[in-house]
Amino acid sequence: MSRKVLVAYATKMGATAGIAEAIGAELERGGHQVDVREVGKVNSIEEYDVVVLGSALYTRRWRPEAVRFLRKHSDELRERQVWLFHSGPVGPDKDQPQAMPGKVERLAHRIGATAATTFGGRLEPATAKGFLAERMARSDIAGDSRDWETIRAWAADVSAAVHAIEAAPWNRHIS
Ligand SMILES: Cc1cc2nc3c(=O)[nH]c(=O)nc-3n(C[C@H](O)[C@H](O)[C@H](O)COP(=O)(O)O)c2cc1C
């Protein structure tokens with residue numbers, strides 16, 4: 001039996017979309033049915049058993065559309081398996097886990113999700129949008145710090161956890 005998984009992402013400059021696609025591909029390899037969608041375009045999560053949600057970090061906050069999604073669907077999310085990630089650090093801090101913003105932490109607690117995993121981000125002149133991003137992308141912290149091996153390994157863990165839960169005796173009735 002495979003489960004239907006939504007991988008939803010919030011991005012401004014495209015880097016988090018790339019991470020979401022890589023997670024989706026790994027989950028598909030693990031035998032799940034997967035939709036990878038921009039979170040602002042998701043109206044309903046009824047058809048999904050599992051939700052993976054990721055946001056880019058800007059000034060230590062999640063993108064508003066990702067926070068809105070968590071808030072709007074918190075009752076339904078509480079009844080589903082949910083994994084969270086965020087992406088941002090580049091340069092020397094690229095491997096530093098980032099704290100969940102307070103609002104996100106409270107919502108994660110409400111829905112019973114564990115802390116968000118941090119993945120490195122990307123800040124490059126070719127993709128930077130906006131004055132500040134363009135300036136930062138020309139500095140010495142610029143670059144693509146997304147570590148595809150780490151991202152795929154995390155997605156493989158999620159995939160295995162989803163299989164483990166569907167195989168649990170108390171879930172047999174849904175197979
Ligand atoms: C103005 C600005 C603020 C940022 N603030 C943070 C931050 O607080 N924490 C962090 O880890 N990364 C921060 N970043 C880096 C971005 O999160 C990183 O570039 C990310 O990969 C962008 O994702 P996106 O392309 O999906 O929008 C910031 C970048 C910019 C341009």
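- Not counting sequence neighbours, Glu79 has no partner by the salt bridge (Lys or Arg N to Asp or Glu O under 4.0 Å) test.
- Among residues two or more places apart in sequence or in another chain, the side chain to side chain contact (heavy atoms under 4.5 Å, CB included) test is passed with Asp95 by none.
- Residue Glu46 qualifies as open at atom CD: its count of foreign heavy atoms under 6.0 Å is 12 or below.
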Side-chain donor-acceptor pairs under 3.5 Å in residues 122-135, sequence neighbours left out?
{"unit_1": "Arg122", "atom_1": "NH2", "unit_2": "Met13", "atom_2": "O", "d": "2.8"}
{"unit_1": "Thr127", "atom_1": "OG1", "unit_2": "Glu124", "atom_2": "O", "d": "3.4"}
{"unit_1": "Lys129", "atom_1": "NZ", "unit_2": "Lys12", "atom_2": "O", "d": "2.9"}

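- Test Val51, Leu70, Asp75 against Ile111 for side-chain contact (heavy atoms from CB on, under 4.5 Å) and you get one pass: Leu70.
- Every side chain to side chain contact (heavy atoms under 4.5 Å, CB included) that Arg61 has, sequence neighbours left out, goes to Thr59.
- Among residues two or more places apart in sequence or in another chain, the salt bridge (Lys or Arg N to Asp or Glu O under 4.0 Å) test is passed with Glu65 by Arg63.
- Listed by chain and residue number, nothing satisfies the side chain to side chain donor-acceptor pair (under 3.5 Å) test with Glu149 (two or more places apart in sequence, or in another chain).
- For Lys72, there are no side chain to side chain donor-acceptor pair (under 3.5 Å) partners, not counting sequence neighbours.
- Checked against side chain to side chain contact (heavy atoms under 4.5 Å, CB included), Ala20 has the following partners two or more places apart in sequence or in another chain: Val7, Tyr9, Val36.
- Listed by chain and residue number, Ser74, Arg78, Leu107 satisfy the side chain to side chain contact (heavy atoms under 4.5 Å, CB included) test with Arg110 (two or more places apart in sequence, or in another chain).
- Under the side chain to side chain donor-acceptor pair (under 3.5 Å) criterion, Glu38 pairs with no residue at all, not counting sequence neighbours.
- Evaluation of the side chain to side chain donor-acceptor pair (under 3.5 Å) rule for Asp35 yields Tyr48 as partners, not counting sequence neighbours.
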Would you list the atom pairs, donor with acceptor, under 3.5 Å between side chains in residues 114-121 and any protein atom, with sequence neighbours excluded?
{"unit_1": "Thr117", "atom_1": "OG1", "unit_2": "Trp154", "atom_2": "NE1", "d": "3.0"}
{"unit_1": "Thr118", "atom_1": "OG1", "unit_2": "His86", "atom_2": "NE2", "d": "3.1"}
{"unit_1": "Thr118", "atom_1": "OG1", "unit_2": "Gln98", "atom_2": "N", "d": "2.8"}

